[in-house]
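Working notes for the structure below.
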2 protein chains.
Amino acid sequence: MGQSDRPTLADVAAAAGVSVSTASLAFSGAGPVAASTRDRVLAAAAELGYTGPNPIARSLRRGRSGVIAVVLGAELASAFSDPIHTGTLDGVARELGERGLGLLLVRSDHFGDVPTLVREGVMDAAIIAGLSDLADPVLDALRARGVPFVRVDAGPQDVAGVGIDDAAGIVGLVEHLRGLGHSRIAVLSLPLRHRDATGLVDPRSLGPIAFTPTANRWAGVRESGLVPVAAAEASSSVVEEGRAAARLLLERDDRPTAILAFSDLLAGGAVLAARELGLRVPQDVSVAGFDGLELPWLAPDRLTTAVQGLVEKGRLTARAAAALADGESSPLVRLPVVLRVGTTTGPAPA
Amino acid sequence: MGQSDRPTLADVAAAAGVSVSTASLAFSGAGPVAASTRDRVLAAAAELGYTGPNPIARSLRRGRSGVIAVVLGAELASAFSDPIHTGTLDGVARELGERGLGLLLVRSDHFGDVPTLVREGVMDAAIIAGLSDLADPVLDALRARGVPFVRVDAGPQDVAGVGIDDAAGIVGLVEHLRGLGHSRIAVLSLPLRHRDATGLVDPRSLGPIAFTPTANRWAGVRESGLVPVAAAEASSSVVEEGRAAARLLLERDDRPTAILAFSDLLAGGAVLAARELGLRVPQDVSVAGFDGLELPWLAPDRLTTAVQGLVEKGRLTARAAAALADGESSPLVRLPVVLRVGTTTGPAPA
DNA sequence: GTGAAAGCGCTAACAG
DNA sequence: CTGTTAGCGCTTTCAC
């Protein structure tokens, strides 16, 4: 069953009594071939069990592989378990699949070496998801190879790529909470830096922020003019850490009347924490999230959140990467987010 | 920044004043080269910005691509959102990454055409996840190409591949429930067939089962000697459908004292359904799942479940695929599952 | 230790 | 419409 003894185009051509180039045309359709000739070639191919041109040889000849790499920076140690990543990845996979482009999936541990595949893998372009630093060695390796790339969640430094309008989303949420009369609002932040632990932070002096979405969302907080009464950082965007961080916020003496969480998983954790502390949501405390996930386990509650189109973001990113692979340039796209009011936010308690 | 005008090994060889073959050896280390010569070659390479042999040309020459395809049968319309799939995929990605093998991710819609990538993508072997039918056109296409493949969750028909001991897991769960005094046990099944709707089913006449894990788990039910008092089928393994299906079971006149769900997501939904109906878990009704997921949102409860090693399953599958790519054969492996008793099962009510 | 030569399987000019 | 020719960039015998 090895791949070694498969027939080649030359075999097919010989069997059909035509030249290799004609046989090639019969398969690619990229040139005039008499119908009868083509049929003869295809018949010979079927006879020999030839299933089509060897894609590697084709790639070598064409100078293009038709493969886009997706590099997952697994600082979360869980790129696959974060619905934000998988949602985007789904969009990427759909778009590339429809275009007949291959998707080479590469895990990068970020704290380890540059993956072999980044240095030697076959790819025409790359999509970078979840790496925080423009000076990342992975990016350096790609630059050295001359492999163009786009970043998901493009930061302010980027001139190309796809991102969402984080800041506007946060501003919308803050306005929503203010409209409900909330003045004591706490922020439950996504991680600020690698390896940070879950804990309270001072919202007035955060220090440098390593992750673009986190930075963008804090920018939204500033833009909205909100001065949080308190802030906590979760070590990663998972329910457990959201619960732990929210607990720190809710056990303070000056308990906030609303928690603005930077992700829906964190917000979901905050709702659980509130319930555990005997607080009613939203009567005693309102909770808002970000991303627009469906969290069926929160039922009958539904999160108030800023909805981003994950699949769409993935598709656009894939399209950008395909453009780069074609030698075209692609613009910086910033997708809008839409406020979705659920049942977890309500009027501020008196 | 195109890939087109990159230096080749010939350029490097010329610059270093050696032959191409020597330059090749300097990079691959697969032959005797004087240290001084090698240094000269590497210096010339650095000078020219040559980052190493073109992987496509190397593949063509070697007749191997170093790429393993992972075909996701997306009958769930959600291969990425099911933690079972992503967990396995994570294991596959880790193992292949460590071996320097590429992972070509291919989505297959199952009801559409065979994806172009399955027919033309570059791969030495393939891993099939989530396709139900051995006669699937995707598998036919791979066979025609001579691409060897392994299936995740290998069925009884398979002679190779990796699976888990579903039946033993179910038997263990049934024994656990029986040990607690339960005699009225209902089954909350994974989908039996494509496009089935969520609803009650007759456990004594299920008809043909299209999905291997579902079939294997029902086999476990039979093996345990359990005659369920009722059964419901969920249209997919998600919390919502588990909730809906469990509701149907719990609203019956002869309410079961325990629900045995075929997946943790379904079980989680069942816990929610019970709570909504004012039933205490486990005092009024016990719920057991399967898979061993962590569901932090169920806190403070923890599911009683049969734990499978998802990452390990992925790693073994990848190892099997790598063996196939090397022309070796690989055995059928069936991984054990381990009963984990949580807080959602307890003594049967009097 | 190093070089020359052959060729992996295919496509794209270019002639005819 | 079809055939001839020339590589794509590399690895690998095989001589020297």
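Remember, predicted model here, so these are calculated numbers, not experimental data. To find a chain, count down the sequence lines: A is the first, B the second, and so on, and within it residues start at 1.
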TODO: Within residues 19-28 of chain A, find the residues that approach DNA chain C with a heavy atom at under 4.0 Å, and present them sorted by residue number.
DONE: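 Nucleic-acid contacts, sorted: A:Ser21, A:Ser24.
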- [ ] Please list, by residue number, the residues of residues 31-45 of chain B whose heavy atoms come closer than 4.0 Å to an atom of DNA chain C; answer none if no residue qualifies.
- [x]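 Only B:Pro32, B:Val33, B:Ala34, B:Thr37 qualify.
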Open item on the list: Tell me if the aromatic rings of A:Phe80 and B:His85 count as close, with their centers under 6.0 Å from one another.
Closed with: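 Distance test on ring centres: not under 6.0 Å, no.
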Hey, what do you get for [atom1] ([X]) to [atom2] ([Y]), rounding to the nearest 0.5 Å?
X: B:Leu89; Y: B:Leu105; atom1: CG; atom2: CG; value: 6.0 Å
X: A:Phe211; Y: A:Asp153; atom1: CZ; atom2: CG; value: 12.0 Å
X: A:Asp124; Y: B:Ile56; atom1: CG; atom2: CD1; value: 7.0 Å
X: B:Asp11; Y: B:Glu47; atom1: CG; atom2: CD; value: 13.0 Å
X: B:Asn216; Y: B:Ile164; atom1: CG; atom2: CD1; value: 8.0 Å

Between atom [atom1] in [X] and atom [atom2] in [N], what is the gap in whole Å?
X: B:Arg6; N: D:dC8; atom1: CZ; atom2: P; result: 17 Å
X: B:Leu9; N: D:dT12; atom1: CG; atom2: P; result: 12 Å
X: B:Arg61; N: C:dG9; atom1: CZ; atom2: P; result: 10 Å
X: B:Arg64; N: C:dG9; atom1: CZ; atom2: P; result: 15 Å
X: A:Arg62; N: D:dA6; atom1: CZ; atom2: P; result: 22 Å
X: A:Tyr50; N: C:dG9; atom1: OH; atom2: C1'; result: 8 Å

- [ ] Find out whether B:Leu103 and A:Arg107 are in side-chain contact, i.e. whether some heavy atom of one side chain is under 4.5 Å from a heavy atom of the other.
- [x]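 Not in contact.
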Task: pair A:Leu104-A:Val122: side-chain heavy atoms closer than 4.5 Å - done: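 With C-beta onward as the side chain, the pair stays apart.
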TODO: Go through residues 52-60 of chain B and report each residue with a non-hydrogen atom lying under 4.0 Å from DNA chain D, sorted by number.
DONE: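 When residues 52-60 of chain B is checked for heavy atoms under 4.0 Å from DNA chain D, the hits, listed by number, are B:Pro53, B:Asn54, B:Ala57, B:Arg58.
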- [ ] Let me see the working for B:Ser21 and B:Ser24 under side chain to side chain donor-acceptor pair (under 3.5 Å), right down to the final yes or no.
- [x] CA-CA 5 Å; B:Ser21 46; B:Ser24 175; over 6 Å; no
Open item on the list: So for atom CD, which belongs to A:Glu98, do other residues, nucleotides or ligands contribute more than 12 heavy atoms lying within a distance under 6.0 Å?
Closed with: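 Yes - once you tally the heavy atoms of other residues, nucleotides and ligands closer than 6.0 Å, there are more than 12.
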Task: Worked verdict on B:Val162 versus B:Val150 for side-chain contact (heavy atoms from CB on, under 4.5 Å) - done: CA-CA 8 Å; B:Val162 179; B:Val150 252; 5.6 Å; no
